[in-house]
Amino acid sequence: MDASAPSLWIVSDGKAGHETLALGVAETLGLQPDVRRIRTDGLWAGLAPYGPPAPGSVGGGDAQFGPPWPSMVIAVGRCTMPYAAAIKRKARDETFVMALQNPVISPKNFDLVWAPEHDRLEGPNVISTITGPHRLSSKAIAAAAKDYAPQLKDLPQKKVAVLVGGPTRAFRFAEMEARLLCSQLDQLGPDIGFLITTSRRTPKEVTDVLSVWAKMRPCRFWTGEGPNPYLGYLGVSDAIVVTCDSVNMLGEAVSTGKPVYVFSPPARDEHKAEKFFRLQDAIAATGATRRLVGKLESWSYPPLDANRQIATAVRTRLSERGVKLPSY
């Protein structure tokens, strides 16, 4: 990108899931971001999102966030909100400041806020989509499928990708839930090749159950060793199974346009699980997903493209300021 192109800071709390959201927006806008991670321990983090940023972190000559100000800032995560709001106050109209997810503090502190629809956040500068932004593209998935398909000649023609998360404050996911998942995968039918991938949150007891199950069936099972086949799994699969605890994985799955089955382990906390249920209901209403029950079926729907919706809103507001972004 040339030196005259708009500049972008991503203010991050270091969480991979949060950075994925921000990087997805940046890449869709055609911008190369400068990712700046803040500390998420100590008093100042404890005061977030309401308190000020750490002293001297915003505005001074030696500050982590100071002049020359960028064209745009994207902040994501509770601990980053004081920094984003302070940048907005210091840089004024020189920098367009966007918050991702519900900032908890007033959206008036920012130029634009994106929040998922299930958060039910409203305001004149708030935009919402059913799913969130991500870093996948149809071209990348197709290329990965082409590269990965030769490695699967020994598997049945029908293939199902299985994206496994882990326990959260909202959902239980231990040995019993893993056994339930395996049982429901068996119900999909015979002659299916399963492509299973776990995540950083998947506990060992879940991985162990899945490993034993996979050894008795035509499978590929990736648990973090060697090159990540995630894109290849999505590309070659005929359908995708996602555990409902991961909003990001669910959003990525339905961006493919392929049939997506959702596995829902029992809720640990009904109140915390409520917004996940709202998300699942909203996605199901588009025709993208079904519950993981019964035989493998096929259906189609328009892929859910949150990236393009968010990028279009950002482009419109930046163009009003005379800021031109790279073409799609």
Side-chain angles (χ1 to χ4, degrees), residues 8-29 31-42 45 48-49 64-65 73-84 98-104 113-116 118-119 129 131-137 140-141 144 161-171 173 195-204 206-207 210 221-235 240 242-256 272 275-276 279 304 306-307 310-311:
L8 168 64
W9 291 349
I10 288 177
V11 184
S12 169
D13 60 7
K15 293 182 179 179
H18 285 169
E19 284 193 12
T20 293
L21 298 177
L23 290 168
V25 174
E27 290 164 2
T28 306
L29 292 172
L31 298 177
Q32 181 65 45
D34 175 4
V35 179
R36 303 193 177 192
R37 299 181 178 92
I38 62 164
R39 290 186 60 176
T40 56
D41 58 355
Q64 183 180 12
F65 305 99
V73 164
I74 299 177
V76 57
R78 174 184 61 84
C79 290
T80 70
M81 293 301 110
Y83 294 84
M98 181 179 189
L100 299 182
Q101 297 188 323
N102 187 340
V104 182
V113 174
W114 168 82
H118 59 266
D119 276 355
T129 56
T131 59
H134 54 80
R135 302 188 68 186
L136 304 189
S137 71
I141 292 174
V162 183
L163 315 181
V164 182
T168 66
R169 289 180 296 176
F171 294 101
F173 202 163
L195 309 171
I196 306 172
T197 176
T198 55
S199 71
R200 286 180 296 271
R201 290 188 295 101
T202 308
K204 183 179 183 301
V206 170
T207 300
L210 290 170
F221 188 10
W222 189 78
T223 58
E225 297 180 1
N228 190 337
Y230 184 70
L231 287 181
Y233 281 7
L234 295 180
I240 302 168
V242 185
T243 60
C244 74
D245 54 275
S246 175
V247 171
N248 285 356
M249 286 197 304
L250 182 55
E252 290 170 352
V254 297
S255 76
T256 66
K272 289 184 171 65
K275 72 174 185 178
F276 289 89
L279 170 64
L304 276 62
N307 286 36
I310 296 167

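Note that the numbering runs from 1 along the sequence shown for the chain.
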Problem - Trace of the side chain to side chain contact (heavy atoms under 4.5 Å, CB included) decision for T202 with F173 - result: CA-CA 8 Å; T202 308; F173 202 163; over 6 Å; no
Practice task
List the steps, then state whether side chain to side chain contact (heavy atoms under 4.5 Å, CB included) holds for V11 with I38.
Solution key: CA-CA 7 Å; V11 184; I38 62 164; 4.1 Å; yes
Exercise for the section: Give the C-alpha distance, both sets of side-chain angles, the deciding distance and a yes or no for side chain to side chain contact (heavy atoms under 4.5 Å, CB included) between D245 and F276. Expected result: CA-CA 8 Å; D245 54 275; F276 289 89; 5.8 Å; no
Exercise for the section: Dump the intermediate steps for side chain to side chain contact (heavy atoms under 4.5 Å, CB included) on Q64 and W9, then the final yes or no. Expected result: CA-CA 11 Å; Q64 183 180 12; W9 291 349; over 6 Å; no
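Annotation: the span from K15 atom NZ to T80 atom OG1 amounts to 10.5 Å, rounded to 0.5 Å.
Considering all non-hydrogen atoms of both residues, S199 and G165 come closest at OG-CA, 3.5 Å. A pairwise comparison of heavy atoms in M81 and A99 identifies SD-CB, 3.9 Å as the closest pair. Closest heavy-atom contact between A26 and P33: CB-CG, 4.1 Å. Residues Q101 and V113 come closest through the heavy atom pair O-CG1, 3.8 Å. For the residue pair N102 and V104, the shortest heavy atom distance occurs at OD1-N, 2.9 Å. Closest approach of R37 and G14 over heavy atoms only: CD-CA, 4.1 Å.
Between the side chain of W222 and the backbone N or O of P227 there is at least one donor-acceptor pair closer than 3.5 Å.
Looking at R201 and T168, their side chains come closer than 4.5 Å, going by heavy atoms from C-beta outward.
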